[in-house]
Amino acid sequence: MSLTVRRVEYADQPDYTRLGGEAFGMPAGGRPPLTREEWEAAGFREWGAFDDGDLAARLRFYGFTSWFHGAQVPTAGVAGVAVEPERRGSGYLARLFGAALDDARDRGDVISTLFPSAPGIYRGLGYEVVGSFDDVDVPLQNLGRVAAPDGVTTRRAGVADYDAVVAVHRAWAAAQNGPVSRAEKPFWTPPEKYFADYTGVTLAVDGSGDVVGFASWIRGEGYTPATAVMEVDDLIALTPAAARALWRTIGSFSSVVGTARVSTSGLDPAWLVLPDLTSTVHAAHPYMLRILDVAGALSGVESPLEGARVPFAVRGGQDLAGAWTLTVSDGVTHLERDAVAVEDTHHERPVLSPNGLALLYAGAQSAANLRTAGHLTGAPGHDAVLGALFAGRQLHVRDYF
């Protein structure tokens, strides 16, 4: 075996597409190849592992920002991972991810995320499940009992309302951990295309005329409640009255549509206004996260724990292993690397695995649960503060890639 890992070039596209089709399926007749101009303008980075010149494994990176701890964090989103079936289990992915993540780190990305088809594969590479992006079926007959909103009305949005829609999404996303900011390709959409992609975008407007929520929806086919399903990509509300107004608008289709298939994640606060939470998960997409740069991710996080000081270490993952001291001053976290061998740290400080570091950063698990799962060991005296530093925001995802 003579393995070479490098960026995929345009000349490699036929093999890249073939390998993707083997892994994820291909429509009858195949897919038309991208032109060079389309490929260069796509805004992603493709990597391949070549065995004696033949493409054996591939992946794609999307470079974007996602919201964590109130800031837009440079993120390497991984998609399209595939290995030739005859070469699976031979260590190709570890080499491929190693080179691609080094490149992402050099470009300034501090975290990486992906939607796995098999989470166990990526756990060994330092990724961990921090949340899930779900399509949830809601019976429209139940929405008729949502209380009438006080002081909020709804209206159809148009291109002139695009900035208001973006502002609502930004206000909501900044309060969560995980949402893609939608500020970069492929998640930024020109206004005309954004509205053309939906049957309708409904705004919730308060008494001052401010947009305080929106829902983007596709009506779908049919007019029999037993079979008709409408899709709701976003239902984002900044107030409870806005949530009620948007749910009632969706529910107004109940005479001709039986189900709203809503894209959501976690315990979405917009659902707390529903008198009946009856729903069915139609599809669940686990979301995984990996830290690429410990100092880049954990520094500069706003924190009310002024004066806090927590020594900790990370064991495992050559790019992450080390010992640090985290402090809080002037309202933000600061990180300093310590000249201490990681194997000598367990007596004096908590020690995280790469997976535990991802879970801690995302606020997805408490320190106690990380110890239960074996992702936090060492001295427990700093656990409460370490967990509190990154808690307080729910994990939500609204964009699949």
Reported [atom1]-to-[atom2] distance for the pair [X] and [Y], which is rounded to 0.5 angstrom:
X    : Y    : atom1 : atom2 : value
S254 : L143 : OG    : CG    : 8.0 Å
F312 : L335 : CZ    : CG    : 5.0 Å
I291 : L289 : CD1   : CG    : 5.0 Å
L395 : L267 : CG    : CG    : 13.0 Å
W67  : H169 : CH2   : NE2   : 10.0 Å
I250 : M230 : CD1   : CE    : 4.0 Å

Steps toward salt bridge (charged side-chain N to carboxylate O under 4.0 Å, His left out) verdict (E231, R261): CA-CA 5 Å; E231 298 177 14; R261 185 160 293 157; 5.9 Å; no

Check against side chain to side chain contact (heavy atoms under 4.5 Å, CB included), R393 and Q176: CA-CA 5 Å; R393 281 182 166 82; Q176 321 301 325; 5.7 Å; no

Derivation of the salt bridge (charged side-chain N to carboxylate O under 4.0 Å, His left out) call for R18 and E22: CA-CA 6 Å; R18 172 191 57 79; E22 290 180 3; 3.1 Å; yes

Heavy atoms of other groups near [X] [atom1], more than 12 under 6.0 Å:
X    : atom1 : value
Y223 : OH    : no
E38  : CD    : yes
E336 : CD    : no
R309 : CZ    : no
E302 : CD    : no
D197 : CG    : yes

Which heavy atom in [X] sits nearest to a heavy atom in [Y], and how many Å separate them?
X    : Y    : answer
A237 : A243 : CB-N, 3.4 Å
S112 : Y127 : OG-OH, 2.7 Å
V211 : A164 : CG2-CB, 3.8 Å
A241 : P149 : O-CB, 3.3 Å
F390 : L326 : CZ-CD1, 3.9 Å
P311 : P350 : O-CD, 3.2 Å

Cut-off 3.5 Å, side chains only: do [X] and [Y] have a donor facing an acceptor?
X    : Y    : answer
T280 : D137 : no
R155 : T202 : no
D233 : Y198 : yes
S66  : Q72  : no
S263 : D135 : yes
D276 : T278 : yes
Q365 : R371 : no
S329 : H334 : yes

Among E128, R315, H375, the one residue meeting side chain to side chain donor-acceptor pair (under 3.5 Å) with S353: H375

Taking the six-membered ring for Trp, is the centroid-to-centroid distance between [X] and [Y] below 6.0 Å?
X    : Y    : answer
F61  : F44  : no
F253 : W217 : yes
F187 : F64  : yes
Y361 : H69  : yes

Steps toward side chain to side chain contact (heavy atoms under 4.5 Å, CB included) verdict (R219, V257): CA-CA 9 Å; R219 166 59 176 83; V257 175; 3.5 Å; yes

Cation-pi, F50 ring and R6 (6.0 angstrom, 45 degrees): yes

Non-neighbouring partners of V110 that pass side chain to side chain contact (heavy atoms under 4.5 Å, CB included), sequence neighbours left out: V73, P74, D293

Taking the side chain as C-beta and beyond, is there a heavy-atom pair between [X] and [Y] under 4.5 Å?
X    : Y    : result
R398 : D268 : yes
L352 : L360 : yes
Y62  : K185 : no
P139 : N142 : yes
L298 : W324 : no
D319 : V294 : no
L93  : R88  : no
L55  : E84  : no

Criterion side chain to side chain donor-acceptor pair (under 3.5 Å) on D338 and T325, from CA distance to verdict: CA-CA 7 Å; D338 299 330; T325 297; 2.7 Å; yes

R170 and D163: CA distance, side-chain angles, deciding distance, salt bridge (charged side-chain N to carboxylate O under 4.0 Å, His left out) verdict: CA-CA 10 Å; R170 181 184 177 90; D163 288 347; over 6 Å; no

D109 bridged to R105 by N-O distance under 4.0 Å: no

Carboxylate-amine/guanidinium contact D12 R7, below 4.0 Å: no

Do the side chain of [X] and the main chain of [Y] share a donor and acceptor less than 3.5 angstrom apart?
X    : Y    : result
T224 : A226 : no
R58  : A49  : no
T154 : A245 : no
D51  : D54  : no

Plane angle bin for Y287 and F115 - parallel if under 30°, tilted between 30 and 60°, otherwise perpendicular: tilted

Mutual orientation of the aromatic rings belonging to H396 and W172 [parallel < 30°, tilted 30-60°, perpendicular > 60°]: tilted

Y122: side chain to side chain donor-acceptor pair (under 3.5 Å) partners, not counting sequence neighbours: none

L292: which of T75, L101, I111 passes side chain to side chain contact (heavy atoms under 4.5 Å, CB included): L101

